[in-house]
Structure formats: structure tokens, C-alpha cells
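Have a look at the structure below before the remarks.
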Amino acid sequence: MSKSEKQLINIENSDIGILQFCLKVLYEHENDDLAWRLVERFGSVSGIFSASHEELMQIDGMTDRVATFFTVMRPLWRQAQLRAVKGLTLATEREIAEYAAVYFMNEYNPSDVCVCLDKKYRVYHAERLGMDERVRELAAIVCRRNAQKIVLMRLEPRLNTKPVLPSPERLKLLIKMTKLTSTLGIEFVDYVEYYQSAFFSLRRATGGDIGAYHVFDAKEDRVTPWKNANADISDYYTAAVAHTIEKNLKK
């Protein structure tokens, strides 16, 4: 075994093992030579999953069936990689929106997630809220994980192309949650409802924009702490309820 191969093993032992296993199943026999050719060409297993079908087909020994496998499995690989990353920064609206998009990929049931961040907005823990007592559960998570900042995300597995608003019940819950984080001295970075390729940002809404946005329309602005998050959400809650009532009266 060459020195370069030994270095690759030290760097990506587990990933290389997965790659070799996948190729063995796909070809129904050992194909380690192809595994090494792929890694040498694309630099890493992650690079293989990021390659196009045409680029994969240029590798000696590659078949259309196997190249299709890598391109089809790319979203799942990226999702697994993102969930495993420690220290990923969520400092802009775009980063939060893209994180939610990948985190909830291929899921079809509503769910709430608390993402714990350190002082530099780096992700070090993400946990689902599964209890009916969401505020109590949130308190347990942030205290147990010693969170400095948090992002709350909710999956709404439906297609939304028109402006939407969180329900009044959801807004009441958020007011309770922000009061809790304020009491504990934790920065409430944002609350995001994620739909199919679109999202609703509470931070953006309290800044004057209400509605659903495409993930790639997210702003690049850096997150700044809310001076009075509780008041902002309370005021927005009043405006949102009034907006909903007005819309219903026009029907």
C-alpha cells in the first residue's frame, strides 16, 4: 500500500469503508481499485457524492448504474454530513434557512427542533422537542446543554407558495419561549418555520417583512441580538392576528 493510500485511510477510514461496502454491493464483488480511483480523482468521499454524473462516468470502471446511485444519494449524504457537523456557524439568515432545509430533508411529519449555539454562533447540539410542555422541555435542553444562543426550527410539511403566518397558538408559545430565554440570559436568534423549499423567519417578520420566502432568497445579513425580543414578538402577534382577521373578513 502506498504512502498516499495510508494517509487517506488515516483521514477518512470510516468513509472509505462505507464507499468500499457500497461498491461491493453495487458490483456484487470487491472493487477496491475503483474506490481508490474515485478518491484520488475527487479528493474525498464527500467529493464523490458532489460530482456530476458526467464526471463520474469519466472514471475507468464506472457504470451508468453506479454513477446514478451516487448522484441520487447526494441529498441524503449531505443531510447526514450536516447533521454530524460540529461547529457549523448559523450567523446569517441564509445559513439558518439552508440548515433547516437540509435538516428536514425527506421528512414528512411536523416537528420542532432546538439548535444550541455557542457565543460565536457555532452549532454544537440540535434536539427535537417531543413533549406537550414545549417551554418546560426547552428549559431542560438549554440548561442541560449550557446554550449561549438558540435557534428554534419547525417543519411544516406542506407546499406554501403564498404568504403565510404562524398560527396565533404558535405565536403565544413563542412569546413564552422568548421570555424563558430572556430570563436565562440566552440569546434568541430566530424562529424559522420551514416548508417545502420555503421558510418563514420570525426575525425577518418583526423587521417588517411578513410571508414565506424561498430558501435561496435568504438575506446574507449577520444576525444581531434583539434588544427586546419579547416586545417585538408581542407586537408582531397583535399585528399578525389583526391581519388574519382582516383577511378572513374579505373572503
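- Linking Ile, Leu, Val, Met, Phe, Trp and Tyr whenever their side-chain heavy atoms come within less than 4.5 Å puts M73 and I59 in one cluster.
- Among K219, R203, R204, the one residue that satisfies the side chain to side chain donor-acceptor pair (under 3.5 Å) test with E93 is R204.
- Checked by atom type, the side-chain pair E187/Y121 shows a donor-acceptor distance below 3.5 Å.
- Partners of H214 according to the ring-ring contact (aromatic ring centres under 6.0 Å, His included) rule, which considers only residues two or more places apart in sequence or in another chain, are F216.
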Run the numbers on F104 and V113 for side-chain contact (heavy atoms from CB on, under 4.5 Å), then give the verdict.
CA-CA 10 Å; F104 291 126; V113 175; 3.9 Å; yes
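- A distance-only check finds a donor-acceptor pair linking the side chain of Y124 to the backbone of A147 [under 3.5 Å].
- Side-chain atoms of R65 come within 3.5 Å of backbone N or O of L26 as a donor-acceptor pair.
- Side chain of S182 to main chain of T178: no donor-acceptor pair is present (N/O by atom type, distance under 3.5 Å, no hydrogens or angles).
- Side-chain contact annotation: H125 with E127, donor-acceptor N/O pair under 3.5 Å present.
- Separating the OG1 atom in T63 from the CZ atom in F69 is a distance of 11.5 Å, to the nearest 0.5 Å.
- When side chains are defined from C-beta on, L184 counts as touching C143, because their heavy atoms get closer than 4.5 Å.
- In this structure, CD1 on I48 lies 10.0 Å from SG on C22, to the nearest 0.5 angstrom.
- Not a single donor-acceptor pair under 3.5 Å links the side chain of E40 to the backbone N or O of R37.
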Chi angles and distances behind the side-chain contact (heavy atoms from CB on, under 4.5 Å) call for V115, I150
CA-CA 5 Å; V115 184; I150 65 166; over 6 Å; no
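- Going from atom CG of L152 over to atom CG of L174 covers 7.0 Å, rounded to the nearest 0.5 Å.
- For the atom pair CH2 of W36 and CG of L19, the computed distance is 9.0 Å after rounding to the nearest 0.5 Å.
- Residue E220 places its CD atom among more than 12 non-hydrogen atoms of other residues, nucleotides or ligands, all under 6.0 Å distant.
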Taking it one step at a time, do S111 and R128 satisfy side-chain hydrogen bond (donor to acceptor under 3.5 Å, both in side chains)?
CA-CA 7 Å; S111 61; R128 294 179 185 274; 3.0 Å; yes
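- Proximity of a side-chain donor or acceptor of E95 to a complementary backbone N or O of T92 within less than 3.5 Å is detected.
- Shown here for V192 and A100, the closest heavy-atom pair between the two residues is CG1-CB, 4.5 Å.
- Cluster annotation: F21 is not connected to Y27 through the hydrophobic network of ILVMFWY side chains, with a link wherever side-chain heavy atoms come within less than 4.5 Å.
- A distance below 6.0 Å separates the ring centres of F70 and F49.
- Within the model, atoms OG1 of T181 and CG of L138 stand 7.5 Å from one another, a figure rounded to the nearest 0.5 Å.
- Using a cutoff of 4.0 Å between basic side-chain nitrogens and carboxylate oxygens, R41 and D60 are not scored as salt-bridged.
- In plain terms, the two heavy atoms of Y99 and A126 that are nearest each other are OH-CB, 3.8 Å.
- Annotation: cation-pi pair K149/F188 absent, no NZ/CZ under 6.0 Å from the ring centroid and within 45° of its normal.
- Residue D132 qualifies as open at atom CG: its count of foreign heavy atoms under 6.0 Å is 12 or below.
- Atom CZ of R136 and atom CG of L129 lie 13.5 Å apart (nearest 0.5 Å).
- Under the 6.0 Å distance and 45° angle rule, R154 does not count as a cation-pi partner of Y191.
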